[in-house]
Amino acid sequence: MLQLQTIRENKKEIILALGKRNIDAQTLLDNVLQLDEKRRTTQTQLDNVLAESNSLSKEIGALYKTGKAQEANVLKEKTVHLKEESKQLGEDLNAAAEELQNLLYQIPNAPHTSVRKGSSEEDNEEVFKEGDIPTLDTTALPHWELAKKYDIIDFELGVKIAGAGFPVYKGKGARLQRALIAYFLDKNTEAGYTEIQVPHLVNELSGYGTGQLPDKEGQMYHVTADDLYLIPTAEVPITNIFRDVIVNESDFPITYTGYTPCFRREAGSYGAHVRGLNRLHQFDKVEIVRVEHPTKSYEALDGMVEHVKNILRELKLPYRILRLCGGDLGFTAALTFDFEVFSTAQDRWLEISSVSNFETYQANRLKLRYKDENGKNQLAHTLNGSSLALPRVLAGILENYQTPEGIKIPDVLVPYCGFEMID
RNA sequence: GGAGAAAUGGCAGAGUGGUCGAAUGCGGCAGUCUUGAAAACUGUUGAGGGUCACACCUCCGGGGGUUCGAAUCCCUCUUUCUCCGCCA
């Protein structure tokens, strides 16, 4: 969430920035500042009452020690009304703090200056495009047909076992998935990211830490018996490693990569655009996460974008990069670049990666800080990106690499697959 | 799942009702000494709120209670360890 101090000092700028998300934050921020004021005055009042009863208690203690029980009892009576007062003030304080907290949770991150105002994905800016879109002959098929033809993904079987959106990968399809995971992890490790394996279920606190809760409650699968959530992305467990952590400035950059399945309820989406691998309840993803010094985070973001570019170049897939507009930007992000691969047989772009800088928004929730050169604790910046989400990469490969003889495996994946064709 | 023990500052580890935000050691930082380093010595070293700065307030796993006063007593939850059971 946004920092109170920042809201106090830069209210105008934040209102302007949030305007790019089409949010009129004026009253919201006024309420925040008003509540903050109330919280602080209540706190001061409470502190004074507590200070008084503390000193009375000390006096009472001293009197008892010197055997002056009578005098002590007189003082004791004085503490009665102080107690009532502090109880009331404590309740007021908690109420104000909670209300303030809830309000702050409702405010999304302020977009970066480069983010354009916009209402939907229509307004996203294409900032880069690369790779040749192959010309397919008339017999070309969408990936779900190819999956069936070569018996590498069984959607119906997934329905039987779990439900729609839970595909079963078979034979060379399963092997290709495993190859992609290994390839992505290797690329990330080569680039300096430390490979890590994390839990696939997280507690409520972790959900709040990265901002999935309370905002997107319904998008995660909730295991109510144990009050755990299935992760929608590895971002949640990996970034939460740093909840309540104070790192040294010399620890930067902190970089992790991890493979996990991702679970998303995504209720209420049906139709052709969710066919096949386009949108799933469970999918695999390799994620990269960075914790950075505030002055270095945008440089790091550019580095992550370059890194993902290189992977797509090696895979020889046609792709483009979008800078998300305010309306399409995720709740917690300040700046996001989406990568989309062209799905030739469907004649549409599919999102395969999202690379974001959250600045201090998550760090503030996580209490993720570093010690600066003056020994002061400062909030760090967090970033993450997919490198990459498997199903749509798979869809892209199947569709773009199809030939009358079968599906060719991209050169870089052949060593990982152990075969050159799916036929 | 059953029985028992424990949870204190970066780490180790004292502290069982008042002067304890907390001894001591290690680690970290600064200084003295040194050509430099090490050793030794001296000082310093948790977080949050609040203030121009002080003062002051909160925090000894989480929550609640007893008391004028709680790290210390009570309840509860969580976690860890030991033993037993089960198990990939």
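To find a chain, count down the sequence lines: A is the first, B the second, and so on, and within it residues start at 1.
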Scan nucleotides 52-75 of chain B nucleotide by nucleotide, 5' to 3', and note B when protein non-hydrogen atoms come under 4.0 Å of the base, S if they reach only the sugar-phosphate, - if neither. ----SSS---------BS------

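Identified under the salt bridge (Lys or Arg N to Asp or Glu O under 4.0 Å) test for residues 239-254 of chain A, with sequence neighbours left out: none.
Pairing partner, B:G9: none, since no Watson-Crick or wobble contact has both distances short of 3.5 Å. When Watson-Crick and G-U wobble pairs are counted only if both distances are under 3.5 Å, B:G36 pairs with no nucleotide at all. Base pairing annotation: B:U72 forms no Watson-Crick or G-U wobble pair, as no partner gives both donor-acceptor distances under 3.5 Å. Summarising the base pairing, B:C86 is matched to no nucleotide, lacking a Watson-Crick or G-U wobble pair whose two defining distances lie under 3.5 Å. When both pairing distances are held under 3.5 Å, B:C29 makes a Watson-Crick or G-U pair with B:G43. Nucleotide B:U51 is matched to nothing when pairs are restricted to Watson-Crick or G-U wobble geometry with both distances under 3.5 angstrom. Pair assignment for B:A14: none, as no Watson-Crick or G-U wobble contacts are both less than 3.5 Å. Across all strands shown, B:G4 forms a Watson-Crick or G-U wobble pair with B:C81, both key distances being under 3.5 Å.
If you check the side chains of A:Q3 and A:T360, you find a donor sitting under 3.5 Å from an acceptor. If you check the side chains of A:D284 and A:Y259, you find a donor sitting under 3.5 Å from an acceptor.
Between the CG atom of A:L100 and the C1' atom of B:G49 there is a distance of 13 Å, rounded to whole Å.
The shortest distance between the side-chain N/O atoms of A:R39 and the OP1/OP2 oxygens of B:G49 is not below 4.0 Å.
Using a 4.0 Å heavy-atom criterion, one finds that A:K371 contacts the sugar-phosphate atoms exclusively. Residue contacts shown for A:N377 are limited to sugar-phosphate atoms, with no base heavy atom under 4.0 Å away.
Within 6.0 Å of the CD atom in A:E98, the count of heavy atoms belonging to other residues, nucleotides or ligands does not exceed 12. Atom CD of A:E314 sits in a crowded spot, with more than 12 heavy atoms from other residues, nucleotides or ligands closer than 6.0 Å.
Side-chain N or O atoms of A:S206 include none that pairs as donor or acceptor with a backbone N or O of A:V202 at under 3.5 Å.
Look at the C1' atom in both B:G64 and B:A70: the space between them is 14 Å, to the nearest Å. Separating the C1' atom of B:U67 from that of B:C54 is a span of 32 Å, rounded to the nearest Å. With both ends at atom P, the span from B:A5 to B:C56 equals 41 Å, rounded to whole Å. Rounded to the nearest Å, the gap between the C1' atom of B:U42 and that of B:U35 is 23 Å. Going from the P atom of B:A22 to that of B:C57 covers 13 Å, rounded to whole Å. Using C1' as the reference atom, B:C11 and B:G28 are 11 Å apart when rounded to the nearest Å.
Between A:Y298 and A:H112, a ring centre-to-centre spacing shorter than 6.0 Å is recorded.
Considering every non-hydrogen atom in both A:Q45 and A:L89, the closest pair reads OE1-CD2, 3.2 Å.
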